[in-house]
Engineer: 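First the structure, which I've put down as structure tokens, then a few questions once you've had a look.
Letters A, B, ... mirror the listed sequences (proteins, then strands); counts begin at 1.
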Amino acid sequence: MESSLRVPDRAGLECPVEDVARGLLNALLVVGGRIGRIVEVEAYGGADDPASHAHRGPTPRNRSMFASPGTLYVYRSYGLHWCANVVSGAVGSPSAVLVRAVAPVAGLESMRRDRPRARTDRDLANGPGKLCAALGITGSDDGADLLDPSARVRLVRDDVLAPCDPVVSPRVGISVEVERPWRFRVPPPHAGAR
DNA sequence: CTTTGGATCGTCT
DNA sequence: GACGATCCAAAGG
């Protein structure tokens, strides 16, 4: 019986961002009573990745990406949506994992209240901007330490492991490096039996 | 189910 | 001044 929630290892977040991204699948994002299980992510590198916000060095917006691994990087997208990233890489070689979708686990009532347009529970948090709205993550959470047990936004692990065989595809919504297969998704239920 | 186009404003050049 | 690491509604199959 495994009941204690494990915090991801900070040193583990210094692995190559592609591996960090795979490892974050099925981890939990906890914001107060709201909990979502991470089911889709994208990896973004540093100076070597033209699609990354860190590509051109630090700016006021992306400064959190240059902080310690385990930091939360929240930015505004298209002027109105918030998007959340888990910062990875050692200090000095920034990278981050964009959380693209979570499956609602707890706090569904609050999520529905903050996502009135979602028609189904599945629509609650199946997008980078949607999950921030559903969980209540905003720009004021930027720079928080996700591994701090007392933080408002936490990243924790339960006994559901990351899948061995995630669905891999190119990242979406970008205009450069469009071929790099750095999008990872938990396989749909039926694809597991094989 | 899929496709298409408009909204909207902070950020960086 | 241009461009988004997006979302949603509407319309068609």
Engineer: With respect to A:Val99, which candidate in A:Ile38, A:Ile137, A:Leu72 satisfies the side chain to side chain contact (heavy atoms under 4.5 Å, CB included) definition?
Structural biologist: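 The residue from A:Ile38, A:Ile137, A:Leu72 that satisfies side chain to side chain contact (heavy atoms under 4.5 Å, CB included) with A:Val99 turns out to be A:Ile38.
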Engineer: Scan A:Arg171 against the nucleic acid and name what it touches under 4.0 Å (heavy atoms): base, sugar-phosphate only, or nothing.
Structural biologist: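 Result for A:Arg171 = nothing.
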Engineer: Does any residue of residues 81-93 of chain A have a heavy atom under 4.0 Å from DNA chain C, and if so, which ones, in number order?
Structural biologist: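 Per residue number, the list reads A:His81, A:Asn85.
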Engineer: Indicate, with a heavy-atom threshold strictly under 4.0 Å, whether A:Ile174 touches base, sugar-phosphate, or nothing.
Structural biologist: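 Counting heavy atoms under 4.0 Å across all strands, the contact made by A:Ile174 is with sugar-phosphate only.
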Engineer: Is there a donor-acceptor contact under 3.5 Å from the side chain of A:Glu42 to the main chain of A:Val172?
Structural biologist: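 It does hold such a pair.
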Engineer: Going 5' to 3' along DNA chain C, between which two nucleotides do contacts with chain A fall, using a heavy-atom cut-off of 4.0 Å?
Structural biologist: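 From 5' to 3', the first and last contacting nucleotides are C:dG4 to C:dA9.
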Engineer: Just jot down the salt bridge (charged side-chain N to carboxylate O under 4.0 Å, His left out) partners of A:Glu109, sequence neighbours excluded, or say none.
Structural biologist: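 For A:Glu109, the residues satisfying salt bridge (charged side-chain N to carboxylate O under 4.0 Å, His left out) (neighbours in sequence not counted) are A:Arg112.
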Engineer: Short question: side chain of A:Asp123, backbone of A:Ala118 - any donor-acceptor pair under 3.5 Å?
Structural biologist: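 No.
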Engineer: Taking NZ, NE, NH1 and NH2 as the nitrogens, is one of them in A:Asp145 or A:Arg10 under 4.0 Å from a carboxylate oxygen of the other?
Structural biologist: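 Salt bridge between A:Asp145 and A:Arg10, a charged N being under 4.0 Å from a carboxylate O: yes.
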Engineer: Among residues at least two apart in sequence or on other chains, which ones pass salt bridge (charged side-chain N to carboxylate O under 4.0 Å, His left out) with A:Arg183?
Structural biologist: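 A:Glu40.
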Engineer: Starting at the 5' end of DNA chain C, which residue's closest nucleotide do you reach first, A:Arg119 or A:Tyr78?
Structural biologist: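 Looking at the nearest nucleotide for each, A:Tyr78 comes out on the 5' side.
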Engineer: Of all the heavy-atom pairs spanning A:Val17 and A:Tyr44, show the shortest one and how long it is.
Structural biologist: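 Here A:Val17 and A:Tyr44 meet closest at CG2-O, 3.8 Å.
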Engineer: Okay, side chain of A:Asn26, backbone of A:Val160: is any donor-acceptor separation there less than 3.5 Å?
Structural biologist: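 A pair under 3.5 Å: no.
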Engineer: Between which nucleotides of DNA chain B, read 5' to 3', does contact with chain A run, using atoms under 4.0 Å from its heavy atoms?
Structural biologist: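 In short, chain A contacts DNA chain B from B:dT8 to B:dT13.
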Engineer: Under 3.5 Å for both distances, Watson-Crick or G-U wobble, that's the pair rule; now give the dot-bracket for DNA chain C, with | marking pairs to another strand and [ ] for crossing ones.
Structural biologist: ||||.|||||||.
Engineer: Looking only at atom types and distance, does a side-chain atom of A:Arg22 sit under 3.5 Å from a main-chain N or O of A:Asp19, one as donor and one as acceptor?
Structural biologist: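 Absent.
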Engineer: Please answer whether the main-chain N or O of A:Ala134 pairs with a side-chain N or O of A:Arg115 as donor and acceptor at a distance below 3.5 Å.
Structural biologist: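 Not at all, since once roles are kept as given, no pair shorter than 3.5 Å links the two residues.
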Engineer: For the backbone of A:His53 and the side chain of A:Asn62, can you confirm whether one donor and one acceptor N or O come within less than 3.5 Å of each other?
Structural biologist: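 Yes; judged by distance alone, with no hydrogens or angles, the pair exists.
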Engineer: State plainly whether one hydrophobic cluster holds both A:Leu29 and A:Leu24, where clusters connect Ile, Leu, Val, Met, Phe, Trp and Tyr through side-chain heavy atoms under 4.5 angstrom apart.
Structural biologist: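 Shared cluster, yes.
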Engineer: Between A:Arg180 (side chain) and A:Arg171 (backbone), is there a donor-acceptor pair under 3.5 Å?
Structural biologist: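 Such a contact is absent between A:Arg180 side chain and A:Arg171 backbone.
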